[in-house]
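Just below is one structure, and these are the notes that go with it.
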Amino acid sequence: MSDLAKAYEPQAVEAKWYDAWLKGKCFEADPASDKPAYSIVIPPPNVTGILHLGHVLNNALQDILARRARQTGHEVLWLPGTDHAGIATQTKVERELREKEGLKRRELGREKFLDRVWEWKEKHGGIIIQQLKRLGCSCDWSRERFTMDDDYTHWVSQVFVDLFKQGLIYRGKRMVNWCPVSLTALSDEEVIMTPQRSKLYTMKYELADAPGEFLQIATTRPETLMGDVAVAVNPKDPRYSQYIGRMVKRPFPHAEIPVIADDHVDIEFGTGALKITPAHDKADFDIGMRHGLEIIDTLHADGRVNCPECPDLDGLDRFAARKKAARKLEEMGLLLKEEDYENKVGFSERANVPIEPRISMQWFLKYPCVDEAAKAVADDEIVFRPERWQKTYAHWMENLQDWCISRQLWWGHQIPVWYRKDKLDQLKEAAALGMEDLEKGDIHVGTEPPADESEWVRDEDVMDTWFSSWLWPFATMAAVGEESALLKKFYPTTDLVTGPDIIFFWVARMIMAGYRFAGGLPFKNVYFTSIIRDLQGRKMSKSLGNSPDPIDLMDKYGADALRFGLIRIAPVGSDIRFDEVQIEEGRNFANKLYNACRFRQMAGTEVVTISSATEVRPHHVDIMAKLDDLAENLQGAYAGYRFGEVAHLLYEFLWNEFCDKFLEAVKSDLRESATPAAREATLGVFDSVMAVYLQLLHPYMPHITEELSVRMGYVAEGEFVMQKLLPSGTLVPRGALRDEMQEKATAIYETAGRLRNLKAEYNVATRRDVRFVVKGAPAWLSSESDTLALLSGAGEIALDEAYDPPKGTPAALAPAGEFYMPLEGLIDVEAEKDRLTKEIDKVGKEVAKSEGKLGNASFVERAPAEVVEQEKARLEEWRTKLAQLREMLAALG
RNA sequence: GCGCGGUUAGCUCAGUGGUAGAGCACCACCUUGACACGGUGGGGGUCACUGGUUCGAACCCAGUAUCGCGCACCA
C-alpha cells in the first residue's frame with residue numbers, strides 16, 4: 001500500500017507549494033524576455049477590504065488565465081495591488097477613533113488623522129493580500145502597487161494638471177449629490193436609487209390676490225418648503241393657466257412667491273403644480289436657473305434644517321423636520337391629504353443614507369477621448385465578454401455627465417491646486433472660489449507647490465478614488481515620464497477580469513484614460529464575471545449575513561476545491577447562486593484525483609514510459625485518445641473564455657472516463673497475477689495520461705496538481721509543473737487504427753453496462769461468479785473477454801457460437817454480441833417472457849417512429865442527406881434488434 | 001417608460017434545428033484491495049404559455065406571462 005493518506009488533506013499541501021513557488025520566483029515577470037507577453041492588472045481590492053466570494057471568483061479566473069498563459073509559452077505579468085478607497089477607509093478609521101478613543105477627525109487635525117490612517121493601513125492593509133495568496137494567486141508580488149505610492153500619486157497629480165491645462169477640469173458651483181453622513185460630494189455613480197416607502201403630501205397655498213382661493217400642490221418633502229421660491233405649472237395645463245404670473249403665499253417663513261410656467265412639470269402627476277426649491281432638488285435647480293430664481297439653502301451640510309426664521313424647525317434633522325413641517329401645515333389647515341407612496345430615493349453607496357441634492361463648489365471633469373473610447377468597444381478593438389455589455393457601455397458613453405471629482409475628505413490624493421492667501425482672505429473661505437472668481441495670478445495648478453509656498457493655501461479637497469483607479473493599467477507600470485521596460489513589454493494588457501457593476505466606475509474610465517495618457521487602449525479583452533448571490537437570489541452582503549467567508553471554506557475544503565467548485569458553476573455572465581455543496585464537490589473531485597494516483601502508486605512508484613513495443617489494448621488507446629480530445633476541447637473553451645466548460649470537461653474526463661472506465665478496466669493488470677507486459681502497458685498509459693492531465697488541470701487546481709506531479713515523478717525534483725509547457729503533440733496519432741481501437745473500447749464499455757444491467761434485473765448484481773455465454777461476437781472479443789468480465793463483474797465470459805440456450809435464459813443484446821446469462825434455478829420462463837415482451841414493445845415503438853419519419857416524403861427530400869442516412873442506419877439497428885428479440889421470445893415457446 | 005437577461009428534472013444549471021442532458025438530492029443494492037469525499041442500478045421533465053417559420057423547434061421569429069438587472073422619470 002502506498003504511504004499516501006487515504007483522503008487528500010489540502011491545507012498543508014497548499015501552503016507548502018505556495019511558499020515553494022514564491023521561493024522559486026515562479027510569479028515574477030521578466031520584461032526582457034523574448035517570449036510573447038501576457039498581462040493582467042488586478043482590479044485592486046480596497047486596502048482595508050476582506051476577501052469575499054466575488055473576489056474569489058474574479059481572482060481565480062485571473063489566476064487561471066495567467067497560469068494557462070505560462071503553460072502556453074507566454075511571459076506573464078499579473079500585476080497586483082490595492083486601492084486606497086477614500087471614503088471606505090476614512091470612514092472605517094473615523095469609526096474606530098470614535099469608538100475606541102472618542103475622537104473626531106477634526107479634533108485630531110488633518111496631518112495627525114492621516115498618520116492614523118497610514119498606521120491603520122500598515123496594520124490591516126495586508127490582510128486581503130494574504131488572502132489572495134492563500135487562494136493560490138500567482139501575482140508578481142515583487143511589483144505590488146498601492147494607489148497612494150509616491151510614483152502613483154505623482155501620476156494622479158500630473159493627470160489633474162494636464163486635464164486642467166487642457167481646460168477639461170474646472171471648478172464651479174453646481175448641484176451635486178451630497179452625503180450628509182460622510183459630509184462630501186459624490187459622483188452620480190456612487191448614488192444608488194432605492195425604492196422607499198414614503199408619504200405624498202397634498203397641501204394648498206393661498207393666492208395673494210384672492211384670499212380664500214388656493215392652489216393645490218403635492219410634495220414628498222415638506223421640510224424643504226422654506227426654500228421654495230416659486231410654484232410651477234405646465235403652460236399647457238388649462239387648469240392653471242389663469243394662475244401663471246400671479247403670487248401665492250408660502251406659509252413659513254411667510255413670503256409671496258410667483259406661479260411660473262415650465263414644460264418640465266408633468267400634468268398627470270399629483271396636482272399638476274410643483275413647488276420649486278432650487279437649493280434642494282436637481283430639477284428645481286434647473287428650473288430656477290431657467291427662470292432666474294433665487295436660491296435659498298435651508299439645510300446644513302449634515303442634513304439639519306438651517307432656517308432661523310422658523311425656530312421650531314431650525315436645527316432639526318431633515319426626517320424629523322419632514323414630520324414636523326407636515327404637522328405644522330396641518331395645524332394651519334393647509335394640509336389636504338397624506339397618502340402612502342413609493343418612490344425611489346438616491347442613497348449614498350458607502351454611508352447607506354439618502355443623499356441630499358446640494359449646491360456646492362466642486363471640481364468637475366469633462367471626459368477626454370470619449371469618441372475613441374466609445375469606438376474602441378463598438379469596433380471590438382476591445383472585446384467585451386459577454387458581448388451584451390457593449391450596449392450598456394455605449395449607452396453610458398452617449399450620456400456622459402461631467403464627473404464630480406472632488407471629495408471633502410482627507411484620505412486620498414489632495415487636489416494639486418493652491419490659492420493666494422490674500423485672495424482667500426478677501427473671499428473668506430476657499431470653498432467659495434469658483435473659476436470665475438479667480439484670476440491667473442490667484443491660482444497655482446501643478447504637481448509641485450508654488451515657490452513662495454507660504455503665501456499660498458492648498459485646496460483642501462481630495463480626489464475621488466476612481467480618479468486614481470482609472471490610471472491603474474499604466475500608472476502601475478511606469479513612473480511619470482519614465483521609459484519603462486515593463487510598460488513597453490506588457491502594455492496594453494491582454495485581459496481584464498472584473499464585475500459588470502463597475503463598467504462605469506472603472507472600465508469605461510480606464511479606456512478613456514488609456515487613450516488620453518498611454519497612447520491607446522489599456523486592454524484587449526474584458527471578461528465580466530457573474531455576480532454571486534445566495535440560494536434565494538439575494539446579493540451577498542454583510543448585513544444579510546448570507547456571505548460565507550472564503551477563508552472558512554478554504555479551511556474546510558481547500559483552496560483548489562473552492563476555486564474549482566465556484567468556477568464549475570459560474571455561468572458566462574449571468575448570476576451565480578452560490579451553494580456550499582458545489583465546493584464540497586470540488587473537494588470530492590480533488591479526492592478522487594488523489595486516490596486515482598494513490599492507486600497507481602500501489603503498483604510501484606517508478607514512472608513508466610510507453611514505446612512502440614508496449615502491448616496496448618483498446619482501452620489503453622481509448623483513454624489516450626480521449627486525453628488528446630480533452631486537450632483540444634480545452635483549447636476551444638479557453639479561446640472562448642468559457643471557464644465553466646473547461647471545468648466541466650476536466651471533471652468529466654477524470655471521473656467518467658479515467659476512473660469509471662479506464663481504471664476499472666485495468667484493475668486486473670495491476671494485480672500480481674498480471675503479466676509483466678500487461679502491467680508495463682497499463683502503468684505506462686496511466687503515467688502518460690496522468691502527467692498531461694495534471695498539467696491541464698493545473699490552472700484550476702494549482703496546488704494538488706503540483707503536489708501530485710512531484711509525488712508521481714512527472715516533474716523532476718526542483719522543477720514545477722506550473723512552469724512546464726503543455727505538450728504540443730498527441731499521445732495517439734489520429735487515423736484508422738485509433739478509431740478502430742476506440743470502437744472496440746466503446747463496444748466493451750457499453751456491453752459491460754448491458755451485462756451489469758441484466759444482472760441487476762435478476763437481482764444478482766453483487767454476485768461475481770456469474771457466467772455469460774456469448775454468440776455472434778466479433779473475432780477480437782476473445783482477446784478482450786477478460787476486460788469485459790472484469791467490468792461487468794462476471795466470473796467468466798464464454799464464446800460459444802453453438803450455444804443453445806435453455807428456454808428462458810436471460811439474454812441481452814449488446815454491441816459485442818448476444819449475451820446469455822444461464823442461471824440455474826433462477827430462470828423463470830414467464831418472467832423472462834414478460835421482460836422480453838416489454839422490451840419488444842419499446843423497440844417496436846422506436847421502429848415505428850423511425851419508419852414514420854422515413855416514410856415522410858418531405859423529410860427524405862428536404863432534410864440534409866447525412867441526416868436521412870443517419871435515420872436509416874438507426875432504423876436498421878432497431879429492426880435488427882427487434883428481430884433478435886422476437887427470436888428470443890419465440891425460443892421460449 | 002426604455003434597454004438587457006432569465007424561465008429545461010425536487011435544487012443548481014448545460015444544451016444554436018435532427019432520439020431531452022449533467023451534478024446534487026431521492027430510491028434500491030454494495031464496506032469488492034484507490035476513493036463511502038466511493039461503486040452499481042433505478043425513478044423523475046407538456047423544455048413558462050400562445051401563435052408562426054420549417055420535413056422537423058428546448059433551440060429561429062412574433063406576442064403573452066413571470067422573475068431579475070440596468071438606465072431615465074418620480075413633485
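Quick note: numbers below take in every heavy atom, side chains included, and nothing from hydrogens, waters or symmetry partners. Just so you know, these numbers come straight off a predicted model, no measurement behind them. Throughout, protein chains are lettered first and strands after them, A, B, ... in sequence-line order, and every chain is numbered starting at 1.
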Does B/G63 pair with anything, Watson-Crick or G-U wobble, both distances under 3.5 Å, and if so, with which nucleotide?
-> B/C49
Between B/G23 and B/G38, how far is it from one C1' atom to the other, in whole Å?
-> 16 Å
Scan for side chain to side chain donor-acceptor pair (under 3.5 Å) pairs involving residues 498-508 of chain A, sequence neighbours excluded, and state none if there are none.
-> none
So, is A/Trp655 near the phosphate of B/A34, with a side-chain N or O under 4.0 Å from OP1 or OP2?
-> no
Heavy atoms under 4.0 Å, any strand shown: does A/Asp501 hit a base, just sugar-phosphate, or nothing?
-> nothing
A/Glu645 near the nucleic acid: base, sugar-phosphate alone, or nothing, with a heavy-atom cut-off under 4.0 Å?
-> nothing
Counting only side-chain N and O atoms of A/Asn591, is one of them less than 4.0 Å from OP1 or OP2 of B/A34?
-> no
Indicate whether the side chain of A/Tyr205 and that of A/Asp228 have a donor and an acceptor atom separated by less than 3.5 Å.
-> yes
Which atoms of nucleotides 52-59 of chain B (N or O only) lie under 3.5 Å from a protein N or O atom, and what are those distances?
residue: B/C55; atom: OP1; partner: A/Arg862; partner atom: NE; Å: 2.6
residue: B/C55; atom: OP1; partner: A/Arg862; partner atom: NH1; Å: 2.4
residue: B/C55; atom: OP1; partner: A/Arg862; partner atom: NH2; Å: 2.6
residue: B/C55; atom: O2'; partner: A/Asn856; partner atom: ND2; Å: 3.1

Under 3.5 Å, which donor-acceptor pairs link side chains of residues 580-589 of chain A to any protein atom two or more places apart or in another chain?
residue: A/Glu580; atom: OE2; partner: A/Lys556; partner atom: NZ; Å: 2.6
residue: A/Glu580; atom: OE2; partner: A/Tyr557; partner atom: OH; Å: 2.8
residue: A/Glu585; atom: OE1; partner: A/Arg568; partner atom: NH2; Å: 2.2

What does A/Leu200 touch in the nucleic acid at a heavy-atom separation under 4.0 angstrom: a base, only the sugar-phosphate, or nothing?
-> sugar-phosphate
Looking only at atom P, what distance separates B/U53 and B/U12, rounded to whole Å?
-> 36 Å
Have a look at A/Val867 and say if it touches a base, only the backbone sugar-phosphate, or nothing, with a 4.0 Å heavy-atom cut-off.
-> base
When all nucleic acid strands are considered with a 4.0 Å heavy-atom cut-off, which category describes A/Lys759: base, sugar-phosphate, or nothing?
-> nothing
Establish, with yes or no, whether the OP1 or OP2 oxygen of B/G38 is under 4.0 angstrom from a side-chain nitrogen or oxygen of A/Asn588.
-> yes
NA contact type, A/Glu846, heavy-atom cut-off 4.0 Å: base, sugar-phosphate, or nothing?
-> base
State plainly whether the residues A/Lys667 and A/Glu664 are in salt-bridge range, i.e. N to O under 4.0 Å.
-> yes
Under 4.0 angstrom between A/His648 side-chain N/O and B/U12 OP1 or OP2 = no
Pairwise C1' distance, B/G56 and B/A72 [rounded to whole Å] | 44 Å
A/Glu223 bridged to A/Arg318 by N-O distance under 4.0 Å = no
Quick one: is A/Lys592 getting a side-chain N or O under 4.0 Å of the B/G39 phosphate, OP1 or OP2?
-> yes
Has A/Arg756 got a side-chain N or O lying under 4.0 Å from the OP1 or OP2 atom of B/U40?
-> no
Base, sugar-phosphate, or nothing: which does A/Arg600 touch, judged by heavy atoms less than 4.0 Å apart?
-> nothing
Will you find, in the side chains of A/Thr880 and A/Glu877, an N or O donor that is under 3.5 Å from an N or O acceptor?
-> no
Looking across every strand, which nucleic acid part, if any, lies under 4.0 Å from A/Ala596 by heavy atom: base, sugar-phosphate, or nothing?
-> base
Nucleotide opposite B/G41 in a Watson-Crick or G-U pair, distances under 3.5 Å | B/C27
With heavy atoms under 4.0 Å as the rule, sort A/Lys344 into base, sugar-phosphate or nothing.
-> base
